[in-house]
Amino acid sequence: MNPSADATAPPARRLRGTIADETAVSSSMRRLDLELEEPVAFQPGQFCMLNLAGERALVFGRPFSLLAASGRRLSLLYKVVGRGTARLRDAGAGAPVTCLTPLGRPFPAPDERPRLLLAGGVGLPPLIAWAERWGRPRDLRCAGGRDGDDLPRGLLGPGWRLSADRPAGEPGGRAVFAGNVVELARSLLPAGAPAHVVLACGPLPLLRAAAGLADERGWDCLVSVEERMGCGYGVCRGCVVPRAGDDGYATACKDGPVFDARALDWARFGGEGAA
Amino acid sequence: MNPSADATAPPARRLRGTIADETAVSSSMRRLDLELEEPVAFQPGQFCMLNLAGERALVFGRPFSLLAASGRRLSLLYKVVGRGTARLRDAGAGAPVTCLTPLGRPFPAPDERPRLLLAGGVGLPPLIAWAERWGRPRDLRCAGGRDGDDLPRGLLGPGWRLSADRPAGEPGGRAVFAGNVVELARSLLPAGAPAHVVLACGPLPLLRAAAGLADERGWDCLVSVEERMGCGYGVCRGCVVPRAGDDGYATACKDGPVFDARALDWARFGGEGAA
Amino acid sequence: MTKLPDWLAFDPRGPLRLGPRTFPGRIWTASGCFGYGLDGADLGTAGGGSPFDGLGAVVTKTVTPQARRGNPPPRLWETAHGALNSIGLENVGLARFADEIVPVLEARGVPFVASLAATRPEEFGDLARRLAAAAAGAAHWHGVELNLSCPNVAEGGVDFGRDPETVERCVAAAREHLAGRALLAKLTPNVGSIARLAAAAARGGADGVTAINTLIGMDVDLRTGEPVLPRRRGGYSGPALLPVALARVDEIVQETGLPVVGVGGVATLEDALKFFAVGAVAVQVGTAQMSDPFAAAAVAAALAAAG
Amino acid sequence: MTKLPDWLAFDPRGPLRLGPRTFPGRIWTASGCFGYGLDGADLGTAGGGSPFDGLGAVVTKTVTPQARRGNPPPRLWETAHGALNSIGLENVGLARFADEIVPVLEARGVPFVASLAATRPEEFGDLARRLAAAAAGAAHWHGVELNLSCPNVAEGGVDFGRDPETVERCVAAAREHLAGRALLAKLTPNVGSIARLAAAAARGGADGVTAINTLIGMDVDLRTGEPVLPRRRGGYSGPALLPVALARVDEIVQETGLPVVGVGGVATLEDALKFFAVGAVAVQVGTAQMSDPFAAAAVAAALAAAG
Ligand SMILES: Cc1cc2nc3c(=O)[nH]c(=O)nc-3n(C[C@H](O)[C@H](O)[C@H](O)COP(=O)(O)OP(=O)(O)OC[C@H]3O[C@@H](n4cnc5c(N)ncnc54)[C@H](O)[C@@H]3O)c2cc1C
Ligand SMILES: Cc1cc2nc3c(=O)[nH]c(=O)nc-3n(C[C@H](O)[C@H](O)[C@H](O)COP(=O)(O)OP(=O)(O)OC[C@H]3O[C@@H](n4cnc5c(N)ncnc54)[C@H](O)[C@@H]3O)c2cc1C
Ligand SMILES: Cc1cc2nc3c(=O)[nH]c(=O)nc-3n(C[C@H](O)[C@H](O)[C@H](O)COP(=O)(O)O)c2cc1C
Ligand SMILES: Cc1cc2nc3c(=O)[nH]c(=O)nc-3n(C[C@H](O)[C@H](O)[C@H](O)COP(=O)(O)O)c2cc1C
Ligand code: FES
Ligand code: FES
């Protein structure tokens with residue numbers, strides 16, 4: 001099964017803009033709204049390369065999945081994990097940015113088969129966007145977090161099932177499954193459940209477990225991978241993931257970030273993200 | 001004549017603080033008020049090494065003469081001429097700074113002889129501070145600018161005579177002499193005028209002309225020099241000026257910035273500042 | 001910058017004559033930082049335009065005799081003031097480059113310089129011969145840049161390119177097959193005298209040299225105490241490099257007078273003008289081209305607009 | 001950083017045994033960036049304290065056989081990510097250093113390493129002999145660092161320090177007179193293999209090496225098109241250098257296993273820990289010590305406080 005190659009999204013542009021709004025949406029996630037030069041459109045699963053402009057620019061932009069676009073307003077969800085995301089958080093409204101977008105191959109539009117959405121951590125935005133655009137009641141949507149407080153509940157409609165490794169209280173009043181998101185899916189779709197197409201986005205262990213589940217059941221599975229990126233548009237070969245079938249690599253930014261799980265060599269897949 | 005070696009100012013400290021206030025005081029000069037950890041004292045002619053703290057720190061601090069101190073509040077005058085001063089201006093109130101102060105040998109306290117104060121451009125603050133602390137009516141105070149609009153008139157009491165290379169209108173309502181500040185002094189103190197001790201601070205051409213005037217008349221002359229600085233406290237030998245008598249160098253930061261004009265080798269003095 | 005400085009010894013807005021070729025401009029992209037000159041063609045800005053507008057040349061990703069899969073990830077690491085890379089010369093190999101990429105560049109009218117690397121002088125000759133045969137009629141193929149300085153491959157690589165005699169032999173071997181094309185040798189800064197390497201390249205018949213390739217650099221992950229790159233050390237590029245690149249270009253120009261294409265840390269017209277000031281005849285944009293596909297085109301546009 | 005990482009191979013808070021000496025700590029100041037260890041003694045902070053608190057050693061400004069007046073100004077230039085210097089080894093000469101400075105350092109109890117430079121191996125021997133004689137009883141004089149790598153002097157300087165055989169002979173000449181003191185050779189990064197230089201220093205009898213001295217760098221004044229430094233090129237130091245210094249230290253440790261004192265771009269405890277991670281036994285603070293006299297002391301304090 002192929003991620004959309006013939007994406008209907010327009011070719012990417014490098015747009016200037018400013019930070020319009022920045023706000024916490026959970027204990028660890030923040031929403032960033034950009035106001036860009038021109039209206040933007042995208043397909044769920046695509047991303048942008050975002051950088052501050054001027055003196056505070058980073059050497060490389062940072063890849064962020066696209067959550068929503070409306071006119072010239074573009075929205076992301078992000079977590080502060082290092083220097084770049086800290087600088088974004090501290091930049092403040094009005095800070096000038098540059099944004100190369102939309103990039104990469106999206107999750108395909110649905111066919112008649114039900115989808116199993118598996119989203120963890122910063123893997124949420126593309127699947128929230130997908131569900132918003134294309135979700136149907138028969139699709140199963142699962143979002144996982146560390147303690148439940150880190151899930152942006154305001155953005156997860158009632159259709160979403162939640163899990164947490166170590167569930168805290170129940171601030172959102174919604175039941176949270178204790179375990180990871182793939183365990184949640186297994187509990188809801190025991191052996192013999194009808195076939196689902198898996199769409200997974202999150203840290204590597206989640207993708208690995210999702211691919212494992214799909215493999216077991218003989219389901220199709222699409223995963224969106226995360227790799228450190230330099231360019232985001234295919235020229236630097238910095239963002240590679242191991243390709244199945246030969247011992248070569250595919251780029252996360254241009255061949256992906258969405259891949260058929262069978263197109264990747266999971267044995268060689270690891271490194272820093274595996275921790 | 002020696003700049004004060006036995007300064008009564010306390011030894012320098014490296015203090016943290018924030019930008020308390022930043023405002024334009026003329027067409028080209030700005031006033032910066034810092035709020036520091038501890039109260040500070042200084043002698044006119046001394047300076048600080050100022051840097052932004054945190055991510056916006058420059059590789060080196062920048063030297064600025066001290067204009068005034070009151071409690072933990074320290075004030076400077078500055079001109080935006082490059083990257084560092086632009087960054088200071090843009091940092092905004094509340095921005096964290098570090099400040100090593102007070103540094104260098106000050107202008108000495110007066111004796112019975114009248115003083116001729118010659119200040120140009122960013123050479124104003126130490127002489128404003130000197131006049132405020134020690135000025136007497138018999139001292140002649142001259143401040144020069146490019147067009148008159150660049151003089152911070154609000155800080156120059158009625159005792160100051162003003163000059164401008166190309167006088168603009170008369171916004172301050174005060175007569176402005178057309179010419180440089182040394183020409184102004186010559187017009188006020190023609191040959192045969194009583195001896196003055198010259199205190200000069202400003203760009204190199206001003207210092208050179210001031211030293212020339214003093215030499216002609218046989219007056220004592222103290223000049224405060226500007227050099228690019230690395231450390232400000234004597235360890236890097238980056239800020240040197242040519243010493244008279246041998247072919248060596250003195251440091252502007254520790255041996256100066258105030259020198260007896262006769263202690264410097266004016267023939268070798270030049271380089272970038274000479275333009 | 002709205003006016004070109006009057007100290008410029010030549011007008012950098014004009015075309016560049018280098019050996020037997022005339023390049024349409026003096027702002028180029030650097031090898032490995034803009035792929036094979038294919039990606040990015042569909043990118044735009046709010047004002048329209050293409051990343052290729054005004055470029056004097058695209059130096060394509062280095063190709064080797066055989067395809068290479070490169071090093072395992074992570075291959076790229078941002079440091080506070082630059083970037084580390086350890087791509088390991090991943091490339092499609094000369095055959096696919098000549099057969100599949102050159103025709104597209106030619107059809108699109110992209111002026112390009114092919115970057116070649118090998119591990120023995122004869123191989124450089126072989127690469128040049130094969131490319132010259134395959135691309136004989138390619139009007140937009142202006143020349144070859146011999147990458148004698150990649151720090152990220154085990155065999156050959158930077159050590160190889162530190163020996164003047166080897167440099168001379170590699171250049172001479174390629175020169176033989178490249179009549180009518182400009183030939184540049186790309187030199188490493190991880191060496192005592194880069195001018196000696198440049199002189200050796202000239203003896204081998206190079207029309208000029210490109211300086212510099214990356215410095216050797218490293219970073220450590222404080223959570224693990226391990227190098228961030230699996231191969232420990234990699235190539236250091238980006239803004240931090242600019243003063244080093246300027247010094248190395250200056251050294252070559254002052255000591256040899258050869259035409260130098262400057263590269264290292266260039267992101268703006270001001271940066272490029274510094275290279276012209278020390279005598280570079282053209283300038284390449286590398287790391288900056290990765291963070292903004294329009295970086296080189298913007299420098300070229302600013303240069304063209306400067307009065 | 002409130003906890004030391006558990007991957008550390010040794011406890012960097014302890015004293016350092018290097019050759020025949022035990023240094024009180026592993027955070028030092030770098031030569032040329034903290035004068036002769038005299039200035040700054042009267043500086044304080046709001047919390048009290050002195051810039052010398054907790055320092056393992058001050059490496060004094062390099063001294064030469066005769067006093068030198070150094071290069072004409074400007075001698076220092078800030079770039080976007082580092083600093084260029086062309087001080088030109090201005091110094092008081094060995095005699096005044098031994099007679100006037102050593103006694104004060106000794107009286108104040110400042111642990112110090114004397115940095116020496118000359119232009120011929122015999123002169124290094126001579127410098128060492130004279131210093132050893134004059135400072136025979138100095139308990140706080142821990143050792144000598146031979147500066148084989150200053151880029152800012154016409155004679156000798158960096159070219160001199162690029163030849164392994166010369167390095168070996170300089171070290172051997174000094175070693176003879178330095179029984180009971182630690183002997184370090186400070187190496188240049190402007191070279192192909194720094195490990196070969198380190199190995200040569202070890203053959204000459206060095207107890208370890210210091211790496212790195214400055215890279216060759218340059219900047220241009222866009223108003224004039226001229227180099228900002230009168231001697232065109234100078235030494236590049238500061239934050240931009242950190243990845244290069246780490247790589248060079250790593251290269252030496254991996255290839256020779258010698259004790260290395262790391263220097264280049266260190267400003268924080270995190271930076272220092274990266275050097276410890278690649279195997280450095282101590283770390284020097286250079287450019288950062290200029291912008292903040294308490295930089296090295298703050299790193300030492302943070303290290304001491306880390307649990
Ligand atoms: C296609 C794609 C889409 C992404 N979408 C989002 C998103 O919607 N929201 C979001 O918060 N993050 C997203 N990420 C991850 C995000 O790009 C990184 O968190 C960010 O680049 C970290 O930058 P930093 O400077 O703060 O961290 P750094 O200081 O660079 O690194 C800090 C930590 O983050 C890890 N890291 C750095 N870069 C990446 C990366 N590209 N992928 C995985 N781990 C990384 C490092 O290993 C380290 O642990 C996405 C990544 C990719 C490749
Ligand atoms: C003892 C002393 C006291 C000073 N007092 C004041 C003051 O009270 N107010 C004030 O505005 N400025 C003062 N200066 C000058 C001030 O330090 C410089 O203007 C400032 O460092 C420039 O920093 P920048 O990064 O903006 O400029 P840069 O980008 O570094 O340089 C821009 C321009 O400024 C010149 N310049 C840079 N540094 C110096 C310097 N140290 N001396 C002379 N020219 C320099 C450069 O040649 C260049 O033309 C003083 C300098 C010294 C040495
Ligand atoms: C990701 C990456 C890949 C590179 N690949 C090559 C290459 O294949 N061949 C080559 O000659 N140089 C390569 N370089 C070096 C650049 O062409 C350039 O010489 C260097 O990065 C310095 O310029 P910069 O600071 O503008 O990036 C690469 C650099 C980077 C950052
Ligand atoms: C102003 C200045 C003067 C220096 N003088 C010397 C010197 O006399 N002897 C020496 O061995 N190194 C000298 N160095 C090099 C430093 O000791 C150090 O090796 C280099 O600057 C890299 O470290 P840093 O990035 O921490 O500054 C000097 C560096 C600077 C910036
Ligand atoms: S990030 Fe450059 S190729 Fe993918
Ligand atoms: S600025 Fe360092 S000695 Fe004066």
Side-chain angles (χ1 to χ4, degrees), chain A residues 10-17 36-40 49-53 57-62 72 82-84 98-103 225-243 246-254 268-275, chain C residues 29 32-49 51 58 61 67-92 221 223-224 226 228 230 237-240 267 286-295 298:
Chain A
R13 281 163 299 162
R14 191 222 50 211
L15 300 174
R16 301 183 201 284
L36 299 175
E37 289 173 286
E38 287 186 345
V40 283
M49 290 296 281
L50 179 65
N51 206 340
L52 290 161
L58 298 152
V59 177
F60 293 129
R62 297 290 190 268
R72 303 191 294 120
R83 203 165 70 97
T98 60
C99 186
L100 187 65
T101 198
L103 296 165
V225 303
E226 281 184 22
E227 261 307 325
R228 282 179 176 265
M229 289 186 177
C231 69
Y233 67 104
V235 296
C236 76
R237 306 293 304 180
C239 63
V240 294
V241 292
R243 194 164 54 196
D246 58 16
D247 54 4
Y249 296 102
T251 56
C253 70
K254 192 131 183 175
R268 284 192 293 141
F269 209 163
E272 57 167 347
Chain C
T29 57
C33 301
F34 200 40
Y36 297 108
L38 302 182
D39 291 304
D42 54 351
L43 297 178
T45 64
V58 169
K61 173 75 189 169
R68 294 175 57 101
R69 67 169 177 276
N71 293 331
R75 294 174 166 190
L76 259 187
W77 196 269
E78 187 183 284
T79 69
H81 307 285
L84 294 169
N85 87 78
S86 178
I87 308 294
L89 283 192
E90 172 173 345
N91 77 92
V92 297
D221 187 335
R223 295 166 306 179
T224 61
E226 292 297 322
V228 296
S237 68
T287 300
Q289 187 67 13
M290 291 162 56
S291 62
D292 177 2
F294 294 85

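Since this is a predicted model, take the numbers as computed values, not measurements. These values consider heavy atoms only, across backbone and side chains, with no hydrogens, waters or symmetry-generated copies.
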### Query
Given a strict heavy-atom distance threshold of 4.5 Å, which part of C:E226 is in contact with chain A: side chain, backbone, both, or neither?
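Nothing of C:E226, per the 4.5 Å heavy-atom cut-off to chain A.
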### Query
Given a strict heavy-atom distance threshold of 4.5 Å, which part of C:P72 is in contact with chain A: side chain, backbone, both, or neither?
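Both backbone and side chain.
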What distance separates [X] [atom1] from [Y] [atom2], expressed to the nearest 0.5 Å?
| X | Y | atom1 | atom2 | answer |
| --- | --- | --- | --- | --- |
| C:F34 | A:Y233 | CZ | OH | 5.0 Å |
| A:M229 | C:L76 | CE | CG | 11.0 Å |
| C:E78 | A:R62 | CD | CZ | 4.0 Å |
| C:T79 | A:R83 | OG1 | CZ | 7.5 Å |
| C:N71 | A:Y249 | CG | OH | 7.5 Å |
| A:R14 | C:L43 | CZ | CG | 10.0 Å |

### Task
Output all residues satisfying side chain to side chain contact (heavy atoms under 4.5 Å, CB included) with A:A57, sequence neighbours left out; order by chain, then residue number.
A:N51
Closest-packed option against chain A by number of heavy-atom pairs under 4.5 Å, given [options]:
| options | value |
| --- | --- |
| C:A80, C:P51, C:G37, C:A67 | C:A80 |
| C:G32, C:G35, C:A46 | C:A46 |
| C:G70, C:G47, C:G82 | C:G82 |
| C:S291, C:A83, C:G238, C:P293 | C:P293 |

### Task
Under the side-chain contact (heavy atoms from CB on, under 4.5 Å) rule, what do A:V235 and C:Q289 come out as? Steps first, then yes or no, please.
CA-CA 9 Å; A:V235 296; C:Q289 187 67 13; 6.0 Å; no
### Identified side-chain contact (heavy atoms from CB on, under 4.5 Å) counterpart of A:R237 within the set C:I87, C:N91, C:L89
C:I87
### Query
Is it true that A:E227 and C:R75 make a salt bridge, defined as a side-chain N closer than 4.0 Å to a carboxylate O?
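A salt bridge is absent here (no side-chain N lies under 4.0 Å from a carboxylate O).
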### Task
Name the option with the most non-hydrogen atom pairs under 4.5 Å to chain C; the candidates are A:R16, A:R13, A:E37.
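Most heavy-atom pairs under 4.5 Å with chain C: A:R13.
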### Task
Give the member of A:G234, A:A12, A:G61 that has the highest number of heavy-atom pairs under 4.5 Å with chain C.
A:A12
### Query
For A:E226, what residues pass the salt bridge (Lys or Arg N to Asp or Glu O under 4.0 Å) criterion, not counting sequence neighbours?
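For A:E226 there are no salt bridge (Lys or Arg N to Asp or Glu O under 4.0 Å) partners, ignoring immediate neighbours.
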### Query
Is chain C contacted by the side chain of A:L58, its backbone, both, or neither, given a heavy-atom distance below 4.5 Å?
both
### Query
If every non-hydrogen atom of A:G248 is compared with every non-hydrogen atom of C:R69, which pair is closest and at what distance?
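Here A:G248 and C:R69 meet closest at CA-CB, 4.1 Å.
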